[in-house]
Q: 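So that we are looking at the same thing, I have put the structure below in structure tokens.
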Amino acid sequence: MDDTRWEKYAALGGVAFVVLNFVGAALAGKPPAPDDSDEKIAEWFADHTGGIQASQFLGLLSVIALLWWFGSLWRKMAVAEGGRHRLSIVAALGLVFSGVLFLAANGVLSAVALRVDDVGTSAGFFYTLSSVLLSSSAAGIVTFLAAVSVLALRTRFLPQWVGYVGLLAALLFLVGGIGSASDSGAIMAFGFMGWIVWSIWTLAVSYELWKRPATATVPVVAATQIAA
């Protein structure tokens with residue numbers, strides 16, 4: 001079995017993750033701010049019911065794609081760490097944590113969209129709950145991005161500029177995480193900027209994984225360790 005070829009295929013999961021999330025966001029329309037009135041939020045649910053439901057399903061598919069993508073990134077990180085798996089484990093835990101909260105946040109929106117006539121003006125409460133869950137997922141994303149980026153800067157298993165972009169995205173998400181304790185629309189903007197930078201970072205990492213699969217570098221690293 002050609003592991004290199006399958007690693008390259010898995011690297012495309014990062015591209016699929018970005019595309020699915022952008023399409024899902026577009027289908028759901030421009031979301032209201034968490035501090036908007038209950039009436040305005042209820043109107044958004046009523047006007048974008050189908051788009052919100054489609055966004056939930058596409059979000060689910062994007063998480064599956066991202067986990068396959070991370071399989072290739074994990075292997076590359078493990079090679080860079082010489083099999084010690086410290087930062088790669090931290091990255092995996094952060095990614096899983098953020099994925100669970102992301103799906104929970106989207107699930108709340110989808111549930112309201114399915115029962116929009118029953119929820120009424122209570123839609124504002126559920127929208128705020130979804131926003132808090134999504135903002136809380138920043139803890140996992142920051143952990144994931146920091147672990148990968150620090151390893152990239154230490155070992156150069158990825159280009160250093162990719163490491164710096166990852167740290168920038170982590171910083172933006174960290175500020176956006178304040179949204180877990182606030183309904184300010186301005187804080188929400190930081191999370192959105194973090195998502196844009198993270199998407200660019202994910203595409204850059206996907207390109208590196210496609211261009212240089214971990215299996216192609218294993219013998220070189222092993223030889224270096226033996227010589228040491």
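FYI, the numbering just counts along the sequence from 1. Note: hydrogens, waters and symmetry copies are ignored here, and every other heavy atom, side chains too, is used.
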Q: Check for me, please, whether L103 and L133 land in the same ILVMFWY cluster - side-chain distances under 4.5 Å, paths through other members count.
A: no
Q: Should H48 and L27 count as side-chain neighbours, where that means a heavy-atom distance under 4.5 Å?
A: no
Q: Looking at CG of L174 and CD1 of I141, how far apart are the two atoms once the value is rounded to the nearest 0.5 Å?
A: 11.5 Å
Q: With side chains defined as the heavy atoms from C-beta onward, is the minimum distance between L145 and L167 less than 4.5 Å?
A: no
Q: Any chance you could lay out the side-chain contact (heavy atoms from CB on, under 4.5 Å) test for V148 and F157, step after step, and finish with the verdict?
A: CA-CA 10 Å; V148 178; F157 86 100; 4.1 Å; yes
Q: Check step by step if side-chain contact (heavy atoms from CB on, under 4.5 Å) holds for S206 and W69.
A: CA-CA 8 Å; S206 298; W69 169 85; 3.0 Å; yes
Q: Out of curiosity, L151 CG to R156 CZ, how far, rounded to the nearest 0.5 Å?
A: 13.0 Å
Q: Can you list the steps and then say if L87 with R154 is a side-chain contact (heavy atoms from CB on, under 4.5 Å)?
A: CA-CA 11 Å; L87 289 175; R154 279 177 46 197; 3.6 Å; yes
Q: Is there a path of hydrophobic side-chain contacts, each under 4.5 Å between heavy atoms of I/L/V/M/F/W/Y residues, joining V150 to V197?
A: yes
Q: When you measure from the side chain of S149 to the backbone N and O of A146, does any donor-acceptor pair fall under 3.5 Å?
A: no
Q: Please check if I200 and M193 belong to a single hydrophobic cluster, counting links between Ile, Leu, Val, Met, Phe, Trp and Tyr side chain heavy atoms closer than 4.5 Å.
A: yes
Q: Side chains of S110 and L114: does their closest heavy-atom pair fall under 4.5 Å?
A: yes
Q: Using modelled atom types only, decide if a donor and an acceptor are shared between the side chain of N21 and the backbone of V18 within a distance under 3.5 Å.
A: no
Q: Does any part of the side chain of I178, heavy atoms only, come nearer than 4.5 Å to the side chain of F190, both counted from C-beta?
A: no
Q: Mind checking whether F17 and W198 have ring centres under 6.0 Å apart?
A: yes
Q: What heavy-atom pair brings S72 and A10 nearest, and what distance separates the two atoms?
A: OG-CB, 3.2 Å
Q: Consider only side-chain heavy atoms of I, L, V, M, F, W and Y, link residues closer than 4.5 Å, and tell whether V142 and M188 are in one cluster.
A: no
Q: Might you point out which heavy atoms bring A42 and A123 nearest each other, and give the distance in Å?
A: CA-CB, 4.0 Å
Q: With the side chain counted from C-beta on, respond yes when L203 and V15 share a heavy-atom pair under 4.5 Å apart, and no when they do not.
A: yes
Q: Would you call T143 and L93 a side-chain contact if the rule is heavy atoms closer than 4.5 Å?
A: no
Q: Answer yes or no: is there a side-chain heavy-atom contact under 4.5 Å between T128 and D35?
A: no
Q: Could you tell me whether a side-chain N or O of S137 sits under 3.5 Å from a main-chain N or O of L134, the two making a donor and an acceptor?
A: yes
Q: Should we count CZ of F22 as having more than 12 external heavy atoms under 6.0 Å?
A: yes
Q: Out of curiosity, M77 CE to F70 CZ, how far, rounded to the nearest 0.5 Å?
A: 6.0 Å
Q: Nearest 0.5 angstrom please: F144 CZ to S98 OG, how far?
A: 8.0 Å
Q: Before accepting this row, confirm whether a basic side-chain N of the pair K40/E43 lies closer than 4.0 Å to the acidic partner's carboxylate O.
A: no
Q: Rounded to the nearest 0.5 Å, what's the gap from CD on E208 to CG on L73? Could you check?
A: 11.5 Å
Q: Can you hop from L158 to L168 via hydrophobic side chains spaced under 4.5 Å?
A: yes
Q: Determine whether a donor-acceptor pair (N or O, by modelled atom type, separation under 3.5 Å) exists between the side chain of S180 and the backbone of S136.
A: no
Q: Please identify which of these residues, Y127, F125, F45, meets the side-chain contact (heavy atoms from CB on, under 4.5 Å) condition with V112.
A: F45
Q: Would you check if S199 and I196 make a side-chain contact, meaning some heavy-atom pair closer than 4.5 Å?
A: no
Q: For residues 72-102, which residue pairs pass the ring pair (Phe, Tyr, Trp, His ring centres under 6.0 Å) check, not counting sequence neighbours?
A: W74-H85
Q: Do the ring centers of F192 and W195 come within less than 6.0 Å of each other?
A: yes
Q: Any sub-3.5 Å donor-acceptor pair from Q56's side-chain atoms to L109's backbone N or O?
A: no
Q: Hey, what do you get for OG (S122) to CG (L129), rounding to the nearest 0.5 Å?
A: 12.5 Å
